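Just so you know, these numbers come straight off a predicted model, no measurement behind them. All chains are named by letter (A, B, ...) in the order of the sequence lines, taking the proteins before the strands, and each is independently numbered beginning at 1.
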2 protein chains.
Amino acid sequence: MHIFSKACEYSIKAVIFLATRTESDQRMRLREVSKAIGSPEAFTAKILQQLVRQRVLKSVKGPGGGFCLQEDARNIALYRIVLAIDGDSFFTDCAMGLKKCSETQPCPIHKKFRPIRDEIKEMLINTTILETAKSVQKGECVLKFFKHRE
Amino acid sequence: MHIFSKACEYSIKAVIFLATRTESDQRMRLREVSKAIGSPEAFTAKILQQLVRQRVLKSVKGPGGGFCLQEDARNIALYRIVLAIDGDSFFTDCAMGLKKCSETQPCPIHKKFRPIRDEIKEMLINTTILETAKSVQKGECVLKFFKHRE
DNA sequence: ATAAAATAGGATAAAAAGGTCCGAATATAT
DNA sequence: ATATATTCGGACCTTTTTATCCTATTTTAT
């Protein structure tokens, strides 16, 4: 099990990538995006479509077309993308699968797990696309693994 | 996405349940286990088999048979069960899916995510079956949701 | 010995996640 | 206007996860 679905992993990477290139509404084609983040092209197409529908990205068809961020998308939090693609079930459902897990009727790890889960949520809420994009631009982190250098 | 697979959720609950009933090598049948933890019976059978193979549980066939904990299993950590069923990929793989994600070539959330992920691991390592079983016995927590009362 | 009661194990099915393919629609540049 | 380049959308495929069913095997009690 992983915390994010593949679709969500690709979404976050794609949006960060576009944020590193959208100084001036520069458009990136599907192929460029999937190359940059190391994701399967056809599957990435579906995901970028979703992000357009969710108003995180804009798309333009035809020659010179491609994808770029929606106007204010540089300032959104990673959490917004997670919500758009995976929903909030990780943050609301019981880790042990209880239909209802509350303070009054908790699962055996509720008390210990909940604060940690909330930390993850806070982390995603407090981390912006802009900040991660800058970090990528500075070379402090990457969106796909490079065999040599970087 | 959830942190544990369904198989792992059921495993943890089943082992805790058996720990609440294995004072004297008391055996519990498949049906009793799946009823107690609210899991599908046939699927639970497969999971209990796995736990027997992993030497967490013992099983006895025939009349009066059933499942109980292996000798020392009351003192094992939840982490042992997670490892046996889901493996350690949650704790070793990159949250954003990078093939290799390290301090020298990290993903954009590596630095913030890793400490939290380690907290979850520590929590699972430091939480024993015995301790959760006692908590269930005291009525402080439950293994399945009860509509009315506790 | 035999019947009954349990788990073990194999085959299979259903649902979800991950992924591909291709034609339709659309925008651009010439 | 037309050819071209691109996204959009639907259908489909594959793998993994979740789940069921049935038969074989083993153990116990009589």
Side-chain angles (χ1 to χ4, degrees), chain A residues 1-14 18 25-35 37-70 82 85-87 89-90 93 96-97, chain B residues 1-14 18 25-35 37-70 82 84-87 89-90 93 96-97 99:
Chain A
M1 292 284 117
H2 289 116
I3 181 164
F4 305 127
S5 68
K6 282 286 167 195
C8 191
E9 285 178 13
Y10 299 150
S11 293
I12 296 172
K13 291 190 216 174
L18 288 169
D25 256 357
Q26 187 186 2
R27 284 168 197 148
M28 288 285 154
R29 280 164 299 188
L30 167 61
R31 171 153 299 154
E32 299 174 288
V33 174
S34 73
K35 282 243 172 81
I37 69 176
S39 63
E41 194 173 314
F43 190 44
T44 305
K46 294 298 185 198
I47 290 158
L48 296 183
Q49 272 177 53
Q50 268 189 272
L51 291 167
V52 168
R53 279 189 232 110
Q54 299 273 353
R55 313 212 174 270
V56 173
L57 302 182
K58 278 189 304 189
S59 69
V60 177
K61 291 176 184 174
F67 297 88
C68 64
L69 296 187
Q70 194 85 284
V82 175
I85 305 300
D86 280 351
S89 71
F90 179 85
D93 294 359
M96 293 198 42
Chain B
M1 292 283 115
H2 288 118
I3 181 164
F4 306 126
S5 68
K6 280 287 166 197
C8 190
E9 285 177 12
Y10 300 151
S11 294
I12 295 172
K13 291 189 218 175
L18 288 170
D25 253 359
Q26 188 188 4
R27 283 167 197 149
M28 288 285 152
R29 280 164 299 190
L30 167 61
R31 173 153 299 152
E32 299 173 290
V33 175
S34 74
K35 281 242 173 82
I37 69 175
S39 62
E41 194 175 314
F43 190 46
T44 306
K46 295 298 182 197
I47 290 159
L48 296 183
Q49 271 178 53
Q50 267 188 273
L51 291 168
V52 169
R53 279 190 231 108
Q54 299 274 352
R55 314 212 173 273
V56 174
L57 303 182
K58 278 190 304 189
S59 70
V60 178
K61 290 178 187 175
F67 297 89
C68 64
L69 295 188
Q70 192 86 284
V82 175
I85 305 299
D86 281 351
S89 71
F90 178 84
D93 295 358
M96 293 197 45
K99 286 198 195 80

Notebook entry, point to check: With respect to Tyr10(B), which candidate in Ile85(B), Ile47(B), Leu48(B) satisfies the side chain to side chain contact (heavy atoms under 4.5 Å, CB included) definition?
Noted result: Ile47(B)

Next item on the list: Could you grab the distance from atom CE of Met28(A) to atom CG of Leu69(A), nearest 0.5 Å is fine?
Entry: 11.0 Å

Check: Atom CD in Gln70(B), atom CG in Leu18(B): separation rounded to 0.5 Å?
Finding: 12.0 Å

Margin query: So, OP1 or OP2 of dT6(D): does either fall under 4.0 Å of a side-chain N or O from Ser59(A)?
Written below: no

Just how far, in rounded Å, is [atom2] of [N] from [atom1] of [X]?
{"X": "Phe67(A)", "N": "dT26(C)", "atom1": "CZ", "atom2": "C1'", "result": "13 Å"}
{"X": "Met28(A)", "N": "dT6(D)", "atom1": "CE", "atom2": "P", "result": "12 Å"}
{"X": "Lys6(B)", "N": "dA14(C)", "atom1": "NZ", "atom2": "C1'", "result": "16 Å"}

Margin query: Would the distance check show the side chain of Asp86(A) and the main-chain N or O of Ser5(A) forming a donor-acceptor pair, the cut-off being under 3.5 Å?
Written below: yes

Check: Which of these nucleotides, dA19(D), dT7(D), dT18(D), is closest to any side-chain atom of Tyr10(B)?
Finding: dA19(D)

Strictly under 3.5 Å: I want the nitrogen or oxygen pairs between protein and nucleotides 24-30 of chain D, one per line.
residue	atom	partner	partner atom	Å
dT26(D)	O4'	Lys61(B)	NZ	3.4

Note to self: Using a heavy-atom cut-off of 4.0 Å across all strands, would you classify Arg53(B) as base, sugar-phosphate, or nothing?
What the structure shows: sugar-phosphate

Note to self: For DNA chain C, which residues of residues 40-52 of chain A approach it to below 4.0 angstrom with any heavy atom?
What the structure shows: Pro40(A), Ala42(A), Phe43(A), Lys46(A)

